[in-house]
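Here's the structure we're looking at; comments come further down.
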Amino acid sequence: MDCLHPMWPQEKHFLSDQEKQIQKMKGSYSHDMWNVFDWLVYCLLIGSFVVHVADVISPSASLHLFSLRLFSLSIIFLWIRLMKHVRAFRLMGPFIVMLGSISGDVMCFLFLYAEIFIPYACSFWIMFGGLPTVPSMQSVSGLLFSLYRITLVDEYEYAAMARVDEVMAPLLCGTFLAFSSILCVNLLIALLTDTFQRVHDNSLANAVMQQASVILRVEDSMPFLRRFYDNRYIATHCAPLADAYNDDITTNSRNHDEMTRITTEIKETLDNFLQLQKDVETVSGAQTDRADEVTCIRAELKELRVLMQQLIQNQTDPGAAARREALGPT
């Protein structure tokens with residue numbers, strides 16, 4: 001900052017903007033959600049290994065069952081983690097980006113679905129929960145899963161619920177089916193379709209960005225590759241131009257109004273010229289009228305030429321309109 005020259009204040013603005021960006025900058029490791037997913041997979045694998053070792057040292061049916069359950073979940077996340085390396089391929093990269101983009105849409109859907117699911121779960125439990133006549137709703141977990149099956153339009157014990165209460169059974173089942181299956185599911189489909197279209201339209205750019213992300217991560221993990229770089233060539237031919245950007249740039253409304261007025265006058269003059277030309281053709285028999293019309297046409301052409309000169313001058317010199325307005329009408 002001490003070396004800046006007062007003749008170029010844009011340099012100070014640029015450096016201040018870069019300083020603000022550096023202060024807001026965080027570690028690159030936390031920005032990539034795949035790294036967080038990696039730690040989730042590591043924790044699941046460590047937990048599976050620990051439980052399995054404990055089961056080997058002291059065999060127990062409960063530890064054996066828990067280790068099977070934990071590893072069955074771990075292998076799902078472990079398989080999904082393979083998509084992290086598929087991003088480097090341009091054909092599949094956009095689809096991996098799409099899976100990351102739909103997470104926000106899924107969260108919005110889950111919030112709306114929970115707003116409907118929770119009160120209906122309480123209502124179903126009040127009416128049919130814990131009854132031996134409705135076996136699928138004798139426990140809370142069974143009732144929640146039954147409501148989820150209703151959302152998917154799967155089989156559920158409607159006949160048993162109708163025998164318990166023939167009024168509330170169709171009322172609760174019908175309204176919950178309408179809100180959850182018809183409203184929420186179709187809203188989720190619309191959100192996912194919009195996300196797919198938005199990502200697919202920029203598929204090439206997304207694929208290139210995914211490749212660049214993988215390359216940068218490889219470079220960071222192998223620092224010895226930097227000795228093969230030609231820093232001067234990269235700075236001269238590969239580094240992009242960085243410049244400050246101002247969002248507050250506005251156009252001069254006075255010049256815009258002046259251009260609009262001149263354009264409108266040109267249009268009116270051309271319309272009058274075409275109308276006069278049409279009238280001349282219809283009354284070409286009268287010599288006196290023709291001379292008058294020709295005089296009017298010349299006057300209109302002269303006015304049109306003056307307006308065109310003003311328009312060209314305003315385009316080349318934006319301050320001309322302001323100076324004419326300060327001098328007053330000519």
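Under the 4.5 Å side-chain heavy-atom criterion for Ile, Leu, Val, Met, Phe, Trp and Tyr, Leu177 and Leu152 are members of the same hydrophobic cluster. Note on Phe49 and Val56: separate hydrophobic clusters, where clusters join Ile, Leu, Val, Met, Phe, Trp and Tyr whose side-chain heavy atoms are under 4.5 Å apart, directly or indirectly. Following chains of ILVMFWY side-chain contacts shorter than 4.5 Å, one can reach Ile76 starting from Val106, so the two form part of one hydrophobic cluster. The hydrophobic clustering, which links ILVMFWY residues whose side-chain heavy atoms are closer than 4.5 Å, places Val153 and Ile150 together. Residue Ile182 is not grouped with residue Phe179 when hydrophobic side chains (ILVMFWY) are merged at heavy-atom distances under 4.5 angstrom, including chains of intermediate members.
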For Lys12 and Leu15, run side chain to side chain contact (heavy atoms under 4.5 Å, CB included): C-alpha distance rounded to whole Å, both residues' side-chain angles, the deciding distance at 0.1 Å, then the answer.
CA-CA 5 Å; Lys12 183 177 180 180; Leu15 292 178; 5.9 Å; no
Check against side chain to side chain contact (heavy atoms under 4.5 Å, CB included), Ile46 and Val50:
CA-CA 6 Å; Ile46 293 173; Val50 170; 4.2 Å; yes
When you look at Leu172 and Phe128, which way does the side chain to side chain contact (heavy atoms under 4.5 Å, CB included) test go after all the steps?
CA-CA 11 Å; Leu172 291 177; Phe128 312 108; 4.1 Å; yes
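Note that the CD atom of Gln21 and the CD atom of Gln23 stand 11.0 Å from one another [nearest 0.5 Å]. To the nearest 0.5 angstrom, Leu40 atom CG is 9.5 Å from Leu45 atom CG. Distance OG/Ser136 to CE/Met161: 6.5 Å, rounded to 0.5 Å. Going from atom CG of Asp38 over to atom SG of Cys43 covers 11.0 Å, rounded to the nearest 0.5 Å. With rounding to the nearest 0.5 angstrom, the CE atom of Met107 is 10.5 Å from the CZ atom of Phe111.
The 12-atom threshold is exceeded at CG of Leu73, counting heavy atoms of other residues, nucleotides or ligands nearer than 6.0 Å. Phe66 CZ: 12 or fewer foreign heavy atoms inside a 6.0 Å radius. Counting non-hydrogen atoms of other residues, nucleotides and ligands closer than 6.0 Å to CZ of Arg69 gives a total of 12 or fewer.
Every residue two or more places apart in sequence or in another chain that forms a side-chain contact (heavy atoms from CB on, under 4.5 Å) with Leu68 is listed here: His64. Remark: Trp8 pairs with His5 by the ring-ring contact (aromatic ring centres under 6.0 Å, His included) rule, at least two apart or across chains. For Phe109, the ring-ring contact (aromatic ring centres under 6.0 Å, His included) partners two or more places apart in sequence, or in a different chain, are Tyr113.
Closest heavy-atom contact between Asp105 and Leu191: OD2-O, 3.4 Å. In terms of heavy-atom proximity, Ile116 sits nearest to Cys184 at CD1-SG, 3.4 Å. Listed here is the closest heavy atom pair of Arg81 and Tyr42: NH2-OH, 3.3 Å. Nearest approach of Gln138 to Pro132, heavy atoms of both residues: NE2-CA, 3.0 Å. Taking both residues in full, the closest heavy atoms of Ser48 and Ser74 are given as OG-OG, 3.2 Å, listed atom of the first, atom of the second, then distance. Minimum interatomic distance between Pro135 and Glu157 (heavy atoms only, all atoms of both residues): CD-OE1, 3.2 Å.
For the pair Phe117 and Leu144, the minimum side-chain heavy-atom distance is below 4.5 Å. A heavy-atom distance below 4.5 Å is not found between the side chains of Val51 and Phe71.
Sorted by first and then second residue, the salt bridge (charged side-chain N to carboxylate O under 4.0 Å, His left out) pairs with a member in residues 168-197 read Asp194-Arg198; sequence neighbours excluded. The ring-ring contact (aromatic ring centres under 6.0 Å, His included) contacts involving residues 132-171 comprise nothing, where partners must be two or more places apart or lie in separate chains. Residue pairs that meet the salt bridge (charged side-chain N to carboxylate O under 4.0 Å, His left out) test with at least one member in residues 159-188, sequence neighbours left out, do not exist here.
Under the side chain to side chain contact (heavy atoms under 4.5 Å, CB included) test applied with Leu188, the options Val185, Asn186, Leu192 reduce to a single match, Leu192.
Side-chain atoms of Ser181 do not come within 3.5 Å of backbone N or O of Ala178 as any donor-acceptor pair.
By the 30° and 60° cut-offs, the orientation of the rings of Phe124 relative to Phe176 is perpendicular.
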